[in-house]
Amino acid sequence: MSEIADRYDPTRVEPRWYAVWEERGYFHADAASPKKPYCIVIPPPNITGSLHLGHALNNTLQDILIRYKRMDGYNALWMPGTDHAGIATQYVVERQLEKEGKTKEDLGREAFVARVWKWKEESGGTIIRQLKRLGASCDWARERFTMDAGLSAAVREVFVRLWEEGLIYQGDYIVNWCPRCQTVLSDLEVEREEQDAEFVYIKYGPLTLGTVRPETKLGDTAVAVHPKDRRYRKYVGKTLEVPSVEGTITLRVVADEAVDPKFGTGVIKVTPGHDPTDFEIGRRHNLPVRSVIGFDGRMTELAGKYAGLDRFETRKRIVEDMKALGLIDRIEPYRHSVGVCYRCKTVVEPLVSKQWYVRTRPLAEPAIKAVRSGRIKIIPRAWNKTYFHWMENIRDWAISRQLWWGHRIPVWYCDRDGSMHVSRTDLTACPQCGGALRQDTDVLDTWFSSGLWPFSTLGWPEDTPELKVFYPTSVLSTGFDILFFWVARMVMLGLKFMGDVPFRHVYIHALIRDAEGQKMSKSKGNVVDPLHVMDKYGTDAFRFTLAALAAQGRDIRLAEERIEGYRNFANKIWNAARLVLTNLDGYDPALARRGTPSVADRWIRSRLTETTAQVRQGLDAYRFNDAASAIYQFLWHEYCDWYLEIAKRSLYQPESPAARAVTQRTLVEVLEATLRLLHPFMPFISEDLWQRLLPNGAAADPSTRSIMIAPFPKASRKGRDPEAERLMAPVLDVVSAIRTIRSESRISPAVELAATVRPASPEVAAALESSAGIIGALARAALTVAPDGARPAGSAMAATPSGDVFVRLEGVVDFDAERQRLRKEVEKARKEIAFLEARLGRPEFVERAPAEVVERERTRLAEQRETERKLAASLAALG
RNA sequence: GGACGAUUAGCUCAGUCGGCAGAGCACCGGCCUCACAUGCCGGGGGUCACUGGUUCAAGUCCAGUAUCGUCCACCA
């Protein structure tokens, strides 16, 4: 305590505490605890991930909630873990192999998967270490991984049960295929990218139609027009002999609603094998599927002379060939969006293949009801609509992925008798004929396992105490970008397998953008690295910034100045504590308890109570910014700016040892409670300072060994002291008024002024009399309270709610500045009077507005008239 | 093509029940006052995007317009 630096240095404080907390087991939640449960499951970060701002924001908010609830007496569990992130992880390891000049096929499936596990063991923990750096108070003893044994068992159980209920099926469908990743992608995994293209008008016999994908012409099995399109009605049902690049082909003409008669020529080519719309048209009209592009992105044997050629190369070649044959009508430039793989940005190829699906309709209905009935509350509510829209239009979920890394589909095929077996356990021989089995080579979509996260992490399908205690969890916090990917699926699967919602609240936080409002992305190079921010400004400042910016329903633009501001705030807290700590010499709590608290002591405690209420309200409503700014405002602008300045008097020039002790007690106790309020936001500095305060304050009770497990302050009614607030207001008014006059009249801060106050009431007079010393110190003015006194000659004047303040100017200044100031004040008062007179002059207002509003306006008008009169008199007196 | 959101001080943004327009930063003036110059004191700065409507009263509610942004969608 003796050597406490005059600047807060996070690097000397932050590394110390996390290990202490973790070692003492404060993060651990015991299922056997009698306390009320509160549980958050972390959105499991990808093992390939490293902490980005989105993580930092989301996990800071979760940590604030969990620390708040833990301190507030809940059995608070923050369940951590990571996601195996199928495609992303496989991609990373493939890239590694590539550098070694190898492919995954060189290794073979088993060795490749082993290699990924090895990578996971070595590098997969990065994000966890970074979360710890952020201060995340997760129950690490419970850390799970979506591919560990327990969760894999849960995945199998869910798959088998869905299969048994007919909710999983296998089907030939057109899917989004990534030729690079060699796997199917769900609709959600396909991103849209604007691209320039050529819109090629091709002659199809008597018809002409436009396409941006001429290469798929080879897979055409029909042309289609709109049923009501008179222009083409005569062709519908006919078969056309069409000259093409490979001789003449035969195409049916079908009529289908999917065709937009106003777009292009109103005719489309139908390629069921390579276009989702065409696939549907093909189903409706029984058209054959002709797959001319293979899974490798090259043309198949069916493409004839183009076989083996890359799909984009074929596009160019076929256009040239058709030009040569005179089959091209015209080519127009065209801009459209193409689907690309979210992972590698390769253009996705729609292909027909056999995939596994989950039938989602039966699952979606209860999930819709859960939100509609309020059993799940989405915050902010605006997201309900998005949720409903998606759920009501949900499509079956393609769950198979042609990857090696992931949960392998628990289906075995017997080649001998052709049977198929879905099993919870690995099968080695056919249960029917004993023949050899092959397991399905596909793995499950990563979201299949993370969709079970809220209950699989708690031990399901075992019947564990954790499940009983912590399910349903309390809140899920996440960005809206994975509302469908993840949240919707957790709701569906939680309701299905647990019979209850997975969480009661879904808090959807804003998206962080850079200072220019751009989405941050590696390719744009505008990524702010949270680790760098923490190094530069400290973790606490960073966390507080995120909380302060976390207003609902908005994007967040992160500007560095803001972080700097909260770094300064941390420094302010540090120095406030330093002032307190260095003035505790001889502090005698017993003596303090016998003394009488001053109005200022009572006032600051009352303000603390109000602040506590605001912080609690803010956190309970997920209004993190409100909670943060309440603490900021109180600590800086009430505790530091006013109370500490007042306290200095009795510290430095004590009237009595008892008065000094009372002040010391208030200083310590208010700071101590404020640190507890602050702790969820700034865990490190709050702990460090709290520990320094301890020897003088708290007892040796085990619950006081760390702020982390100390109780969160309560805003009790008896903590409020309206009388103290009323008595303090005149002091603040008068000090501010004198300071304003000093500054505006350009009087040096060094000059001791003589101030006279004509108080607005006897109560104010008494309050000022008893606080004259404080006012004298804070305003550097000798105060006279003169209830009926005349305005002292040659003085500046300021009107306040508590009374009129006069400062003698003679000998300290020329009067010009004061005249100018008074004129401005008079002007302001007159404008206000005019406005109020107009309002009160309207009968409708007086008749219709609530009585208290009218009364308030009348009072204001009277006050303003009085003020104006006094100011004018003061101005006149100045000559 | 639909849906949603935004538009408030120079900048970034709060503003919950319709009732005196706010914060931080920036700016201007004054202070190195024995916690902190990462500080202290004081100050200026607003047609709440626009048009209309409802209301005694609108930043707030309703309708429309403009601009920006996001999400969804099978326009080849």
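All chains are named by letter (A, B, ...) in the order of the sequence lines, taking the proteins before the strands, and each is independently numbered beginning at 1. Scope of the values below: all heavy atoms of this structure, side chains included, with no hydrogens, waters or symmetry mates.
- As rounded to whole Å, 16 Å separates atom P of C74(B) from atom CZ of Arg283(A).
- Within residues 837-846 of chain A, the residues approaching RNA chain B are Arg839(A), Arg842(A), Glu844(A), Phe845(A), by heavy-atom distance under 4.0 Å.
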Q: Would you give a per-nucleotide map of nucleotides 28-47 of chain B, 5' to 3', where B means the base has a protein non-hydrogen atom under 4.0 Å away, S means only the sugar-phosphate does, and - means neither?
A: -BS----BB-BSSSSS----
Q | Stepwise ring-ring contact (aromatic ring centres under 6.0 Å, His included) check, Tyr632(A) with Tyr566(A) | A | CA-CA 9 Å; Tyr632(A) 183 92; Tyr566(A) 292 119; 5.6 Å; yes
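- Spacing of P atoms, C68(B) relative to A26(B), comes out at 31 Å, to the nearest Å.
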What pairs of donor and acceptor atoms, side-chain ones from residues 387-394 of chain A against any protein atom, are under 3.5 angstrom apart with sequence neighbours left out?
unit_1	atom_1	unit_2	atom_2	d
Tyr387(A)	OH	Ala367(A)	O	2.8
Glu392(A)	OE2	Arg372(A)	NH2	2.7
Asn393(A)	ND2	His389(A)	O	2.7

(Q) Could you write out RNA chain B as dot-bracket? Rules: Watson-Crick or G-U wobble, both distances under 3.5 Å, brackets [ ] for crossings, | for pairs with another strand, dot for unpaired. (A) (((((((..((((.....[..)))).(((((.......))))).....(((((..]....))))))))))))....
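- Nucleic acid contact for Arg821(A): none, since no nucleic acid atom lies under 4.0 Å from a heavy atom of the residue.
- Contacts of Ser629(A) with the nucleic acid, taken as non-hydrogen atoms under 4.0 Å apart, are absent.
- Atom CG of Leu549(A) is separated from atom P of U12(B) by 13 Å (rounded to the nearest Å).
- For Thr208(A) and Asp329(A), the side-chain atoms include no donor-acceptor pair closer than 3.5 Å.
- Among the atoms of the strands shown, base atoms are found under 4.0 Å from some heavy atom of Arg860(A).
- Between Tyr204(A) and Asp220(A), the side chains place a donor N or O and an acceptor N or O closer than 3.5 Å (distance only, hydrogens not considered).
- Taking atom P in both C41(B) and G5(B), one finds a spacing of 41 Å when rounded to whole Å.
- Atom CG in Leu511(A) sits about 20 Å away from atom P in C4(B), given to the nearest Å.
- The existence of a salt bridge linking Arg283(A) and Glu280(A) is excluded, since no basic side-chain nitrogen approaches an acidic carboxylate oxygen closer than 4.0 Å.
- Residues satisfying the side chain to side chain contact (heavy atoms under 4.5 Å, CB included) test with Arg842(A), not counting sequence neighbours, are Glu844(A), Phe845(A).
- Within the nucleic acid shown, Tyr639(A) has no heavy atom closer than 4.0 Å to any nucleic acid atom.
- Taking atom C1' in both C61(B) and C25(B), the straight-line distance is 33 Å, to the nearest Å.
- Between G18(B) and A57(B), the distance separating the two P atoms is 16 Å to the nearest Å.
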Listed pairs under 3.5 Å, donor-acceptor, residues 851-858 of chain A side chains, sequence neighbours left out:
unit_1	atom_1	unit_2	atom_2	d
Glu857(A)	OE1	Arg860(A)	NH1	2.8
Glu857(A)	OE2	Arg839(A)	NH1	2.6

